[in-house]
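To start, the structure itself, in structure tokens.
Residue numbers run from 1 in the order of the sequence given. Given the structure is predicted, the values throughout are model-derived calculations rather than measurements.
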Amino acid sequence: MVLCASFLVPASCHRYSHGALFIFGDSFYDAGNNIYLNTNIPKLNIFPYGETYFKHPTGRASDGRLIPDFISEFAKLPLIPLYLQPGNHHFTDGVNFASGGAGALVETNQGLIMDLKTQLSNFKNMEKQLRQKLGASEVKTLLSTAVYMFSIGTNDYMVPFTSNSTVLQSYSKKEYVKMVIGNITTVIQEIYKIGGRKFGLSKLLPLGCPPISRALEIVRTGGSGCMEEVTVLAKLHNRALPKALKELKSQLKGCTYSIFDAYTAGTAIFNNPSKYGFEEVKMACCGSGPLRASITCGQKVYQMCDNVSEYFFFDGIHPTEKANYQFAKLMWDGSRKIVKPYNLKTLLKK
């Protein structure tokens, strides 16, 4: 897409040529919005979360930085401000709307978090505020040169297994995946209508392999391998996502995207951890119970590993800063084997 269309004034174009980052999704991308929610969702603003980089908890579900923190650094942007953070924000470098526990489906952790639809309505509110401050043409430039990053779907597939939900008895696997993908594409279409053109998405990890899933498998079958039932859903999602985005691109003029193959990247690390500098990929660094998979990190009873840099998972499902950095680096300038059709570095420049 041409960076500056002819209807925009050159001054605006120059000002936002670096591209902003608007971030949507779940706890893989939530840098602390959930702290400000008046609900019973675990807030994770307790030590030892945040210990590695920030030296204090920030509401990020990791020992340090998340993928969007690294992407903003690679893009020479400051840390992206939270939508819910009190204070006066300019938002011209982007905004983080993500909410830990969020899904593409409204029913996923309903009433506890900001689901994807709520995040979209927050984005629309922000766009109105920006138009009042900057004027329509500047905002149009800002939105068209920005990248919209999404991490969404994990909770839609995990929550039915970690809660008493019977949702998967009401739909076939394919129907359920179709609903999740449909909600994601609807949000992309809405952002496109407002002026967004560049979208960065990720396939899902093999969701049966994080410690929380392995621990469920221990309880259910006595085996300690990956929980195949949830990985099957992730695979179906990962097959459907590129097809849906390809179709969207053909319908929406100027729309372009990047899909990071987190499944392939994660599987490579799980199969050969030492090659990527990890020693432990099955057990969490922080938590309790089998594989330290219970997300009790920082609460009354938990165990903590000695060396977090040896671990892929910080708690039962969330990666360590080291793992987040490796994924962010692949998303930013990885080859087409792992990020298609463009990496984020190329997408920001398009």
Side-chain angles (χ1 to χ4, degrees), residues 25-29 67 102-105 107-108 116 149-163 165-188 199-218 220-221 223-248 257-273 276 281-282 293 312-313 316-319 323 326-327 330-331 334-341:
D26 50 32
S27 52
F28 294 139
Y29 283 9
I67 287 171
L105 303 178
E107 296 78 9
T108 300
L116 191 58
M149 289 180 66
F150 290 80
S151 167
I152 201 78
T154 295
N155 291 305
D156 296 302
Y157 303 120
M158 290 294 292
V159 168
F161 292 94
T162 58
S163 69
S165 167
T166 56
V167 68
L168 289 174
Q169 290 164 23
S170 310
Y171 302 96
S172 72
K173 290 184 175 71
K174 282 192 174 170
E175 284 170 340
Y176 190 71
V177 169
K178 193 176 179 182
M179 291 193 307
V180 172
I181 296 285
N183 281 16
I184 295 169
T185 54
T186 297
V187 168
I188 289 173
F199 300 90
L201 290 95
S202 288
K203 290 185 179 181
L204 304 178
L205 284 167
L207 295 179
C209 297
I212 196 168
S213 303
R214 289 177 183 272
L216 278 172
E217 191 67 2
I218 291 170
R220 283 156 44 116
T221 67
S224 60
C226 296
M227 191 169 132
E228 199 51 39
E229 275 176 84
V230 66
T231 295
V232 164
L233 288 167
K235 283 179 176 172
L236 287 170
H237 178 97
N238 291 346
R239 276 207 292 274
L241 184 67
K243 289 176 186 169
L245 288 175
K246 197 173 180 182
E247 196 176 318
L248 267 189
Y257 62 88
S258 166
I259 303 178
F260 169 59
D261 190 351
Y263 190 98
T264 298
T267 302
I269 294 169
F270 299 157
N271 288 344
N272 193 355
Y276 300 91
V281 295
K282 294 176 183 176
F312 183 89
F313 290 101
I317 192 160
H318 302 110
Q326 290 192 12
F327 275 20
L330 289 169
M331 289 168 87
S335 74
R336 283 194 177 182
K337 281 182 186 172
I338 206 78
V339 56
K340 294 174 183 173

F313 vs P210 side-chain heavy atoms within contact, under 4.5 Å
yes
Could you list the donor-acceptor pairs under 3.5 angstrom formed between side-chain atoms of residues 262-271 and any protein atom two or more places apart in sequence or on another chain?
residue	atom	partner	partner atom	Å
T264	OG1	D261	OD1	3.3
T264	OG1	D261	OD2	2.6
T267	OG1	Y263	O	2.7
N271	ND2	T267	O	3.4

Note: A293 and A215 closest approach over all heavy atoms is CB-CB, 3.5 Å
For residues 199-208, please give each side-chain donor-acceptor pair under 3.5 Å, one per line with the distance, not counting sequence neighbours.
none

Between I181 and the options T186, L236, D156, L241, the side-chain contact (heavy atoms from CB on, under 4.5 Å) test singles out L241
Note: P242 and Y257 closest approach over all heavy atoms is O-OH, 4.3 Å
Shortest non-hydrogen pair, V177 vs L233, comes out as CG2-O, 4.0 Å
Subject >> M179 and N183, any side-chain heavy atoms less than 4.5 Å apart >> reply: no
Below 4.5 Å, heavy atoms only, C-beta onward: do L105 and Y176 meet side chain to side chain?
yes
For V339 and S258 the tightest heavy-atom approach is CG2-OG, 3.2 Å
Partner of N155 under side-chain contact (heavy atoms from CB on, under 4.5 Å), picked from I317, T108, V180, is T108
What orientation do F260 and F327 show, parallel under 30°, tilted 30 to 60°, or perpendicular over 60°?
perpendicular
So the side-chain hydrogen bond (donor to acceptor under 3.5 Å, both in side chains) pairs with at least one residue in residues 237-246 (sequence neighbours excluded) are Y157-H237
Minimal heavy-atom distance between A102 and G25, with the atoms involved, is CB-O, 3.5 Å
Practice prompt. Carefully, step by step, assess I67 and M331 under the rule side-chain contact (heavy atoms from CB on, under 4.5 Å).
Written response: CA-CA 9 Å; I67 287 171; M331 289 168 87; 3.5 Å; yes
